[in-house]
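Only heavy atoms go into these numbers, but all of them, side chains included; no hydrogens, no water, no symmetry mates. Note that ligands are numbered from 1 as they come in the structure, with each ligand's atoms numbered from 1 the same way.
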Amino acid sequence: MTKAFQIGFGSTETELNIETIPVQGTLPVWLTGDLIRNGPGTFTVGNEHFRHWFDGLAMLHRFSFKSGAISYQNRFLDCDAYREALKENRIKYSEFATDPDFSFLDFLKGIFQSPMTDSAKVNVARIYEKVLALSETSKQVEFDPLTLKSIGGFNYDSRVNRHVTTVHPQFDRTNNSHYNITTRFNRVSRYRILKIGESRQPSLEASIPAKEVSYMHSFGISPNFFILTEFPFLVNPLKILFSNKPFIENYRWKPERGTRIFIVNRKNGSLEKTLVTDPFFAFHHVNAFEKDELLMMDIVCYPDAEVIPSFYLDRIREEKEPLPVGEFRRYTINLADDSIRYDVLGNEGLELPRYDEGELNMSGQYRYVYGVGVNRQNPQSFYNQLVKLDTQTGSNLTWYREGLYPGEAVFIGKPGRTAEDEGVVVSVVLDEDKENSFLLVLDAKNFKELARAEVPHAILFGYHGCFLG
Ligand SMILES: [Fe+2]
């Protein structure tokens, strides 16, 4: 993937706003709305380079569907980290795995630790009327989805400082409320579960103390419980506050601790159970639901946290090993006797899991999951195929084309659908030969291509996005 690497981890030269991009094939007539993608817009500032896929300066992309046509716009996220980088032509803020180099002037000013980034590049979410670019730091950025212009900052947990958050807030449509967790670093640190209800004011639902804190990228929610998975990938909170190493490089894998599962009662915020199971690591919870005394937790797992260094750009470029892909596990937690077991569903590894979250979050009725994966016949150091998993039968469908590198698979349901997978899956695909990207539209049922729409430039390998219908 030498060429794909250079393009997908390079720099976006231009900000475009195109009224109509050419569509090959036929888009469903019902497909109306905006797909907003988030991800890095450049891995280079001046002569400096970011080191890891989770670094880079944020860029938003909007694909708008209307009457069988698509418009496209992309724009760097206007934020402090971006403005400072432009002004000084060097990296100024700490990212996930890259810290700025300090200048002699910084030394004279007594600056030895740089602020955490506000370049919110990881996900997009709508919290009531606000559309937010999401980062794992405390700094989220509200933007206008029509113009991609920044509006202002947003903080889930403004009452505490020195914290991080997940980029995967959960929405419970039964009470029209959003939830997220923050991790506060302190002598006794805390995982804090926040709710944003119709008052728009965040409220604290629960707080769990922790001596060493785990890197958690997401969490689970079921009708009665919050589920926090405390992987044994841990950091001493005081160390991270005064460290001179990039954020994630302070964490250590301590498998002897096992993975702790905190089950929090949603009604009163009490920590109902702390269960310990064999060590594993995950970025993404998928769904969770309950059946009598059983709590099911679907999650994309790895045996350890070695997947994180596999995203260093040097490692991807060297192509020595295929990228590890996650194992889709369904944990069954018996709340009556505290037993835990898991089943692996499907034969294909996957990542960036998506499903019909809008309709089926917390529901045992849900069946299909979509993600990216690595093709077995052509295993590479980055994702190169799409995967559909049927969690009932364990069967998989895949979409793979040599030289094409698809990103997150977002499901968009047909309005009024009677089957769960009646709709489309859309993915931004990098074309190595053509050196540009296109939006791929698949029939979600059979993974057959319905349409593709090219943009005139390459879109860097991104993370998450959302569809605003
Ligand atoms: Fe994620």
Side-chain angles (χ1 to χ4, degrees), residues 35-40 52-56 58-61 77 95-97 117 119-127 131-141 156 164-171 178-183 191 214-221 227-231 233 247-248 251 280-288 297-302 305 307-311 323-329 349-355 357-358 361 369-374 382-383 386-387 389 406-411 425-428 460-467:
L35 174 73
I36 313 276
R37 302 286 318 154
N38 205 346
H52 193 277
W53 184 36
F54 299 171
D55 300 332
M59 174 167 274
L60 295 163
H61 305 262
L77 183 72
E95 297 287 340
F96 183 83
T117 189
S119 188
K121 70 184 106 15
V122 196
N123 202 356
V124 177
R126 179 156 57 191
I127 308 282
V131 180
L132 303 175
L134 301 180
S135 84
E136 293 189 317
T137 73
S138 58
K139 300 164 181 174
Q140 322 303 318
V141 178
Y156 283 100
V164 293
T165 187
T166 90
V167 293
H168 293 283
Q170 294 271 6
F171 178 64
H178 302 262
Y179 298 87
N180 206 347
I181 58 171
T182 61
T183 299
Y191 307 120
S214 174
Y215 173 69
M216 287 191 275
H217 182 81
S218 64
F219 65 105
I221 185 172
I227 309 164
L228 274 60
T229 35
E230 189 190 53
F231 315 110
F233 190 49
F247 171 75
I248 202 62
Y251 286 74
F280 69 91
F281 176 76
F283 293 111
H284 295 114
H285 280 257
V286 188
N287 203 353
M297 173 181 86
D298 289 357
I299 185 166
V300 176
C301 299
Y302 301 84
V307 61
I308 292 175
S310 70
F311 290 122
L323 185 68
V325 261
E327 184 174 75
F328 188 100
R329 293 183 189 171
L350 61 85
E351 245 314 337
L352 309 178
R354 299 298 301 262
Y355 63 100
E357 298 94 354
N361 196 14
V369 177
Y370 311 91
V372 293
V374 173
F382 204 66
Y383 305 117
L386 296 173
V387 179
L389 168 66
E408 184 189 40
V410 177
F411 173 78
V425 163
V426 294
S427 169
V428 173
L460 273 52
F461 292 125
Y463 321 107
H464 302 289
C466 81
F467 182 73

Starting at CE of Met216, measure out to CG of Leu228 and round the result to the nearest 0.5 Å.
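Reported to 0.5 Å precision, the distance equals 4.5 Å.
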Of all residues at least two apart in sequence or in a different chain, which pass the side chain to side chain contact (heavy atoms under 4.5 Å, CB included) check with [X]?
X: Thr165; answer: Gln140, Tyr156, Asn180, Thr182
X: Val325; answer: Val374, Tyr383
X: Asp55; answer: Phe50, Arg51, His52, Glu95, Phe96, Ala97, Thr98

Short of 2.8 Å from the Fe ion (ligand 1), name each protein N/O/S atom, waters not counted.
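Listed by chain and number, the nearby protein N, O or S atoms are His168 NE2, His217 NE2, His284 NE2, His464 NE2.
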Taking the six-membered ring for Trp, are Phe382 and Trp53 parallel (under 30°), tilted (30 to 60°) or perpendicular (over 60°)?
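Perpendicular, since the angle between the ring planes exceeds 60°.
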For the ring pair Phe411 and Tyr355, is the centre-to-centre distance below 6.0 Å?
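For Phe411 and Tyr355, the ring centres are not under 6.0 Å apart.
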